[in-house]
Each structure stands twice: as C-alpha cells, then as structure tokens.
Amino acid sequence: MTHDIPITIACGNYDRVAGIRDGRVQVEGCDITFLPMEPEEVFFRAFRYSEFDVCELSFSSYMMVTSRGESPFIGIPAFVSRVFRHSGFYIRTDRGIKTPQDLRGKLVGLPEYQMTAPVWMRGILKDEYGVDAKDIHWRNGGQEEAGRDERTPLELTNGVDLQSIPKDKTLVELFEAGELDALMTARAPSSFVEGKPNIGRLFPDYREVEKAYYKKTKMFPIMHLIGIRKELAEKYPWLPGSLYKAFLAAKEIALREVREMAALNVTLPWVEAEALESIALMGKDYWRYGIQECAHEIEAITRYSYDQGLSERKLSPEDLFAASTFEISKI
C-alpha cells in the first residue's frame with residue numbers, strides 16, 4: 001500500500017498558484033498543505049528557521065546563502081513573483097532629483113539592502129544609467145515599522161556605504177522629515193500613497209519606461225523562486241520535477257483565466273485588453289518559468305548579486321536549481 005508524502009507549501013496568494021492551493025492541480029505522490037502568506041513572512045521563517053518543505057524564496061537571499069554553502073533549499077525555476085521595478089524609485093521632489101544620475105551622492109533608504117527588488121534596481125541604475133552602488137549612501141531599516149533587520153547576515157566588503165537607521169525610526173518617518181533624499185522599495189511608502197508634500201516617483205511615467213526597458217533588454221525582472229528542502233529532494237529525487245510540473249500547470253490555468261470575458265476573474269474592467277497588450281509586447285508566455293527560457297534574466301541577477309557584494313561568487317544555474325528541473329519531458 002502506498003501513501004502520499006505530506007508536503008507543506010508556503011507561498012503568496014497568487015492567481016498563478018491558485019490551482020495548487022485549491023486542489024485543481026495535484027503534485028504527484030503528495031498530500032499538499034498550502035499556507036498562503038505574505039512573502040516577507042515566508043522569507044523570514046524560511047531563512048531563519050527552515051520551517052517549510054517547499055516555499056517561495058527571495059531570489060537575492062537565496063543566492064547569498066547558496067554562495068556561502070549554507071542554503072537548506074534547492075531551487076525550482078517557477079518564478080512566482082516578477083515585477084518591473086522602475087516604479088519603485090521614490091524621491092523627495094525638493095532635492096533637484098530629475099534623472100537617475102541625480103541620485104549620486106544622495107541618501108537613499110531601503111528596507112533591506114539584500115532585497116531582490118533593490119538588487120535589480122541597483123543593477124538597472126548601473127547598466128542603463130551608469131550609476132554605481134558606491135555613488136550612493138544607503139540607509140536600511142523598517143519601512144513602516146521600526147526595527148527591521150537584514151533577513152540573513154550581511155557584511156559588504158566592496159566599499160559601499162550602508163548604515164542602519166536608528167532602531168526606533170522608520171524609513172517613511174525620515175523620508176517625510178527630509179532626512180532621506182529617496183527610497184528604493186518594493187512596496188509604495190505610505191507617505192506616497194497618502195500624497196504627502198514633496199514626495200513623488202523618479203519615473204512618473206514608469207509604465208512607458210518599463211516597456212522601453214523590456215524592448216531593449218527582453219528582461220522581466222525575477223523576484224522570487226520556489227525552493228524545496230535539500231534533504232527532501234535527496235530523499236525523493238522525483239519530487240523537484242513533479243513540483244515544477246505542478247507550478248507550470250497552475251500558471252497555465254492563470255494565464256487562461258485572466259482572459260476569460262464571460263465573467264471577469266480579476267477586479268479590473270479591461271483585464272483582457274491588458275493581457276493582450278502584454279502578449280503583444282512580451283509574447284504568449286509573458287510570465288516565463290524555466291532555466292533555459294529565462295537564462296538572460298538569471299545571468300543578470302546572478303551578476304548583480306556578485307557585483308554588489310552580496311554573493312561570495314558568481315553563481316551558475318547548476319548551483320541554483322535542482323538537476324531534474326533543467327529539462328522536462330514533452331509529449
């Protein structure tokens with residue numbers, strides 16, 4: 001008599017994983033407990049305590065611990081979070097900051113230096129605008145709640161000025177008070193959302209800027225991947241491939257459902273038009289999974305991580321992903 005393996009999956013509550021969450025997509029040989037939770041909580045609990053069998057991981061933090069030989073996880077190339085990041089540059093509009101080059105010499109806050117979003121943003125600053133991380137003074141800490149730390153230990157040895165803000169302060173407080181010139185963050189700061197004075201975006205027309213960036217680079221920045229505990233992958237060598245297949249199937253359901261017109265699945269009136277515009281720019285599979293399919297984006301983020309002093313060495317796909325996910329069978 002055979003028994004399914006009990007597996008816990010912790011991941012954001014995305015449409016592209018809904019098929020696994022609600023049982024429409026099965027993981028072969030597994031009894032799944034799906035824990036939907038905010039990515040920050042998943043990352044903290046995964047990297048501090050290794051609580052989950054399978055979980056969403058910050059790509060940046062995963063590269064850091066992998067480069068040190070300390071990762072309890074091996075990756076699966078299901079990139080459940082991707083976001084263009086030109087929208088994440090917030091500035092004081094009273095500091096003469098009009099272009100990315102104007103950030104040189106400025107005090108710029110970010111929740112964690114190692115967060116994947118700022119890794120991409122610093123990479124974009126250097127590749128597209130010639131602004132090096134050493135040109136900026138960095139300050140890290142809690143964005144809306146005081147006392148946030150880097151989720152994995154971080155010691156930069158590349159001459160970058162990174163200092164923590166006081167433990168009883170937040171980035172938003174300092175930004176509103178004019179003690180920071182800019183913020184680089186994945187979440188819109190409350191001061192921007194509330195329309196506080198002298199706070200705006202570096203790229204107000206960020207959608208057009210991001211479309212131009214994609215046309216030039218063909219990169220849709222990868223933020224998060226899926227990780228499986230190494231000991232589980234070693235015990236069940238078939239499991240990474242089966243999980244990857246399930247995440248692919250769940251994504252296909254989401255891509256199909258987002259275009260259904262009889263009854264809209266997303267609370268937006270022209271969501272199909274948005275999907276068609278994305279397809280016109282980026283192709284039918286505009287949210288790509290896979291190592292070969294995303295090789296140029298993987299190369300970019302591994303290069304950024306090493307160049308920015310986060311990874312101890314330049315990582316290869318073989319370092320990052322389970323061997324059985326490099327190729328899957330086709331019928």
Side-chain angles (χ1 to χ4, degrees), residues 1-37 39 42-43 45-47 49-59 61-63 65-67 69-82 222-256 285 287-295 297-298 301-302 315-331:
M1 183 177 179
T2 59
H3 297 279
D4 288 344
I5 303 164
I7 297 291
T8 299
I9 300 178
C11 186
N13 197 22
Y14 311 122
D15 65 343
R16 46 203 170 274
V17 300
I20 298 172
R21 185 183 66 242
D22 62 25
R24 285 177 293 168
V25 175
Q26 299 292 313
V27 181
E28 300 157 332
C30 296
D31 180 14
I32 299 298
T33 298
F34 193 101
L35 303 175
M37 59 180 68
V42 178
F43 304 158
R45 293 169 64 175
F47 287 115
Y49 307 114
S50 302
E51 293 183 24
F52 313 112
D53 297 318
V54 176
C55 62
E56 183 176 1
L57 295 175
S58 156
F59 208 137
S61 296
Y62 172 61
M63 287 188 292
V65 295
T66 298
S67 75
E70 299 172 355
S71 176
F73 300 98
I74 187 68
I76 294 170
F79 303 121
V80 293
S81 179
R82 289 175 172 265
I222 298 167
M223 298 294 133
H224 308 159
L225 73 161
I226 295 297
I228 176 174
R229 290 174 60 86
K230 285 180 177 177
E231 60 190 39
L232 203 58
E234 290 165 2
K235 186 175 181 180
Y236 304 106
W238 51 269
L239 187 53
S242 291
L243 282 163
Y244 180 42
K245 188 167 69 171
F247 276 95
L248 282 169
K251 184 195 70 166
E252 289 305 311
I253 291 173
L255 290 176
R256 182 175 67 249
D285 186 14
W287 200 293
R288 296 182 300 272
Y289 290 176
I291 298 163
Q292 287 82 11
E293 294 85 346
C294 306
E297 293 150 327
I298 295 167
I301 192 171
T302 54
L315 296 163
S316 70
E318 288 74 16
D319 295 318
L320 295 168
F321 299 105
S324 60
T325 63
F326 277 72
E327 288 187 86
I328 59 172
S329 63
K330 296 179 181 177
I331 297 173

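Residues take their numbers from the sequence shown, with the count starting at 1.
Taking the side chain as every heavy atom from C-beta outward, Glu231 and Ser50 never approach each other to under 4.5 Å. Side-chain contact between Phe52 and Arg229: absent, with no pair of heavy atoms (C-beta onward) separated by less than 4.5 Å. The closest side-chain heavy-atom distance from Val17 to Val80 is below 4.5 Å. Here the side chains of Leu232 and Ile7 are in contact, with some heavy-atom distance below 4.5 Å. Residues Pro317 and Phe326 meet the side-chain proximity criterion, which asks for heavy atoms closer than 4.5 Å.
The minimum heavy-atom distance linking Phe247 with Ile9 is given by the pair CZ-CG2, 4.4 Å. The minimum heavy-atom distance linking Gly12 with Glu56 is given by the pair N-OE1, 2.7 Å. Summarising the geometry of Ala250 relative to Ile20, their closest heavy-atom pair is CB-CG1, 4.0 Å, with the distance given to 0.1 Å. Pairing each heavy atom of Pro237 with each of Ser324, the nearest pair is O-OG, 4.1 Å. Smallest separation of non-hydrogen atoms from Gly75 and Thr325: O-OG1, 4.4 Å. The minimum heavy-atom distance linking Leu315 with Met63 is given by the pair CD1-O, 3.4 Å.
With sequence neighbours left out, the salt bridge (Lys or Arg N to Asp or Glu O under 4.0 Å) criterion links Glu252 to no other residue. The side chain to side chain contact (heavy atoms under 4.5 Å, CB included) test applied to Asp15 returns Ala254, not counting sequence neighbours. In this structure Asp31 satisfies the side chain to side chain contact (heavy atoms under 4.5 Å, CB included) test together with Asp4, sequence neighbours excluded.
Atom OG in Ser242 sits 12.0 Å away from atom CD in Gln26 (nearest 0.5 Å). The distance from atom CD1 of Ile32 to atom OG1 of Thr8, rounded to the nearest 0.5 Å, is 8.0 Å.
Between Arg288 and Glu293 there is no salt bridge, since no side-chain N of the basic residue sits under 4.0 Å from a carboxylate O of the acidic one.
Ring orientation note: the planes of Phe79 and Phe59 are close to parallel, at an angle under 30° on the 30°/60° scale.
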